[in-house]
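Down below is the structure, laid out as structure tokens.
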There are 2 protein chains.
Amino acid sequence: MTERSTRQKSAVLEVLREAERPLTPQEIRLRAARKARGVGIATVYRGLRRLVDKGEVLPVELPGAAPRYEVASHGHHHHFLCNECGRVFEVFGCPGGIDQLAPRGFEVSGHEVTLYGRCADCAARPAPRRGRRLKVAS
Amino acid sequence: MTERSTRQKSAVLEVLREAERPLTPQEIRLRAARKARGVGIATVYRGLRRLVDKGEVLPVELPGAAPRYEVASHGHHHHFLCNECGRVFEVFGCPGGIDQLAPRGFEVSGHEVTLYGRCADCAARPAPRRGRRLKVAS
DNA sequence: ATAGATGCAAAGAGTTTGCATAGGT
DNA sequence: ACCTATGCAAACTCTTTGCATCTAT
């Protein structure tokens with residue numbers, strides 16, 4: 001009846017609290033496994049769903065990228081996807097007037113903005129070595 | 001050696017040219033099957049990839065939704081995803097200054113804006129009947 | 001001791017690929 | 001006739017689910 005506290009569940013939330021950027025389920029499993037031995041991927045997904053339902057965690061769904069998760073205490077913000085290393089970063093600030101772009105008669109309830117490019121780390125590396133390229137932005 | 005013209009490939013492009021909104025691969029297959037009998041889903045995916053490579057078609061990748069495809073002649077625009085009927089619409093216009101939101105040191109190469117809410121059709125229906133709800137916007 | 005949580009493996013959904021065959025050129 | 005494109009089914013990836021077992025309460 002009541003929700004139980006387990007080391008796996010605690011580990012998942014702890015990982016997200018300590019994360020410096022939104023993480024994928026696999027990344028979460030890897031980091032959680034270091035805290036509590038044997039955290040299965042199914043448990044990560046179940047834990048994430050419960051945390052999202054409780055509003056403690058938000059899914060970060062980006063165009064053309066696997067969903068990531070972050071704790072829900074960062075206020076309204078958007079995301080930057082690095083085409084070179086695939087990491088996602090938070091972007092604070094939000095251009096005004098976005099919701100007014102909808103055609104007349106449409107009711108806007110929210111919006112998502114995603115920037116693409118190279119993160120500071122990758123941009124600092126002069127020659128982006130030729131190789132497999134990540135998904136390219138529109 | 002040369003690319004051949006087949007009725008399936010023509011049907012896929014024709015469907016997208018006539019589409020009033022971005023379509024999913026399954027929607028494309030359904031519509032193409034009416035034009036040329038027996039268009040397999042694999043052929044749709046292969047045709048789409050070639051069209052995207054040639055730049056004739058653009059993938060429309062939305063947060064938390066399956067990718068859709070549209071012909072690449074509509075200029076820079078964004079999209080609106082109806083939470084009620086699940087259809088995607090084009091939104092013209094683009095708020096300025098979006099690219100300036102990135103943290104210093106980040107190189108922005110593109111951006112994507114997605115609006116969520118109810119489309120004009122669904123908003124016109126007064127009582128959104130209670131039932132399964134589509135993915136909710138952030 | 002009871003009943004919720006976990007882990008594994010199987011099941012699904014969406015997309016890609018291998019291979020024999022159909023069909024442009 | 002040659003060789004690309006197709007269709008089917010198998011393979012893959014990501015996520016969810018069934019079930020026996022573990023474990024917090």
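Just so it is clear, the structure is predicted and the values come from calculations on it, not from any experiment. What's counted below: heavy atoms across the whole structure, side chains too, no hydrogens, waters or symmetry copies. Letters A, B, ... are given to chains in the order of the sequence lines, protein chains preceding strands, and every chain is numbered from 1.
Between B:K9 atom NZ and C:dA22 atom P there is a gap of 19 Å when expressed in whole angstrom units. In this structure, B:Q8 atom CD and C:dG23 atom P are separated by 9 Å, rounded to whole Å. Residue B:R29 contributes atom CZ, which lies 15 Å from atom P of C:dT16 at whole-angstrom precision. With rounding to whole Å, A:L48 atom CG is found 15 Å from C:dA5 atom P. Rounded to an integer number of Å, the gap from CD1 of B:I41 to P of D:dC8 is 12 Å.
With DNA chain C read from its 5' end, the first of the two nearest nucleotides for A:T43 and B:P25 is the one closest to A:T43.
Through side-chain heavy atoms spaced under 4.5 Å, either directly or across other Ile, Leu, Val, Met, Phe, Trp or Tyr residues, B:L58 is tied to no other residue.
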statement: Letter by letter from the 5' end, nucleotides 17-25 of chain D scores (B base, S sugar-phosphate only, - none; protein heavy atoms under 4.0 Å) BB----BBS
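Under the 4.0 Å criterion applied to side-chain N and carboxylate O atoms, B:E18 and B:R31 are not assigned as salt-bridge partners.
Formation of a donor-acceptor pair under 3.5 Å by the A:K35 side chain with backbone atoms of A:S10 is not found in this model. The backbone N or O of B:V44 sits nowhere less than 3.5 Å from a side-chain atom of B:R46 that would complete a donor-acceptor pair.
Between the side chains of B:H74 and B:H76, no donor N or O sits under 3.5 Å from an acceptor N or O.
Contact annotation: A:R50 side-chain N/O to C:dT6 OP1/OP2 distance is under 4.0 Å.
Residues in residues 81-100 of chain A take part in these ring-ring contact (aromatic ring centres under 6.0 Å, His included) pairs, two or more places apart or across chains: A:H77-A:F92, A:F89-B:F106.
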